[in-house]
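Comments concern the structure below.
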Amino acid sequence: MSNKVKLAVAQLGPNQPDMSRAENVNRLCDMMREAASAGAKIITFPELALTAFFPRHWIENEAELNAYYETSMPSPVTQQLFDLSRDLDVSFYLGYAELTEDGHRFNTSILVRAGEIIGKYRKIHLPGHSEYKKAPFQHLEKRYFEVGDLGLPVFEDRDLQIGMCLCNDRRWPETFRVMSLQGAELVMLGYNTPVHNIHWSEPEHLRMFHNRLVLQAAAYQNSLWLCAAAKAGTEDGSILIGGSCIVAPTGEIVAQATSVDDEVITFDADFELGQGFRKNVFNFAAHRRPEFYGEITRPVEAAGNGNH
Ligand code: CDT
């Protein structure tokens, strides 16, 4: 028995600061068309996919900062993506900066089916810092976003249980375990990972190694499919790693981007594959020992503002 759904990941090359949202949305639409013609039913776009990764800049002017956020979704400029999703019958994950009516700012992703938002996630593990840093560029996610307030929910689409997360969330095993405990079979992830870590002299080759390490471990340890979509290439002077991929519940990378440009990758994912693992080595009901895991949920005492 198999239960196949074709998955797509749409890597974005750089969104330069002078590129309009309309231009970027057109690129997303082109990739959705390409994915649909390959037979894909679910596509993952990157984190903050509509603009450049603005947390790399210190922005004091509120109007200038607000211009990076969406105050409605769909917005007039993203409506065509929603319409296309309905016309092509392709569900999509999209990352963007959200400014709520009452003034809260989140790094958000949505899951859209047939033109309707069926799921929303707000990033929990915000990296970077909140004050100006003397460095080649900033990483001000802790300044420009609040910690997400929606938890790590799982949504249903095409009879699949689907979770979402954003970039730095992937480095935390709890992210995936909380979703897999709710039955997640697929997790969609968008990311912007700079090659250069401004917080310490992390060897640059480790950025891609750790990207794959955490994705492969998370997929295997939680018996789920993982779609990871990067923003890639040199954006606004900062180099982003790329490396978009689709990972099977075996922990194997089954499709991988080969460029740092706009690129669609697809894989015909068999959702029965996770079952073998879920019924045996990772049969949670039979083998987990949560009575020994209390430390994991003990509240953090001093939050501090440590480096990422
Ligand atoms: N966007 C995002 O979460 N990026 C982080 C890098 C932060 S380096 C200060 C990541 O985990 O890739």
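Every number for a ligand or one of its atoms is a count from 1 in the order of the listing. Just so it is clear, the model here is predicted, and its values are computed rather than measured.
- The shortest N or O to N or O distance between R171 and ligand 1 is below 3.5 Å.
- Heavy-atom proximity to N192, at under 4.0 Å, picks out these atoms of ligand 1: 1 (N), 2 (C), 4 (N).
- For Y96 and F45, the ring centers sit 6.0 Å or farther from each other.
- Listed for the E156 side chain is no donor-acceptor partner under 3.5 Å among the backbone atoms of Q161.
- Polar contact with ligand 1: present for E47 (N/O pair, distance under 3.5 Å).
- Heavy-atom proximity to R207, at under 4.0 Å, picks out these atoms of ligand 1: 6 (C), 8 (S).
- In the vicinity of K123, heavy-atom distances shorter than 4.0 Å reach the ligand 1 atoms 1 (N), 2 (C), 3 (O).
- Atoms of ligand 1 found under 4.0 Å from any heavy atom of H199 (numbered from 1 in listed order, with element): 9 (C).
- In summary, the atoms of ligand 1 found under 4.0 Å from a heavy atom of T193, numbered by their order in the structure, are 10 (C), 12 (O).
- H129 does not count as a contact of ligand 1, since none of its heavy atoms falls under 4.0 Å from the ligand.
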* Please step through ring pair (Phe, Tyr, Trp, His ring centres under 6.0 Å) for the pair Y121 and Y93, ending with a clear verdict. => CA-CA 10 Å; Y121 168 69; Y93 161 115; 8.7 Å; no

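- For atom 4 (N) of ligand 1, the choice among C167, A230, P46 with the nearest heavy atom turns out to be C167.
- By the neighbour-count criterion of 12 heavy atoms within 6.0 Å, atom CG of D149 is densely surrounded, having more than that number from other residues, nucleotides or ligands.
- Side-chain atoms of N24 come within 3.5 Å of backbone atoms of L50 as a donor-acceptor pair (strictly under, hydrogens ignored).
- For residues 176-199, there are no salt bridge (Lys or Arg N to Asp or Glu O under 4.0 Å) pairs, not counting sequence neighbours.
- For ligand 1, the polar-atom distance check finds an N/O of E141 within less than 3.5 Å of one of the ligand's N/O atoms.
- Ring geometry for H196 versus F137: interplanar angle over 60°, hence perpendicular rather than tilted (30 to 60°).
- Those atoms of ligand 1 with a heavy atom of N168 less than 4.0 angstrom away are 3 (O), 11 (O).
- Applying the salt bridge (Lys or Arg N to Asp or Glu O under 4.0 Å) test to every pair with at least one member in residues 82-108, sequence neighbours left out, gives these pairs: K41-D89, E62-R105, D83-R86, D89-R113, D89-R158, E98-K120, E98-R122.
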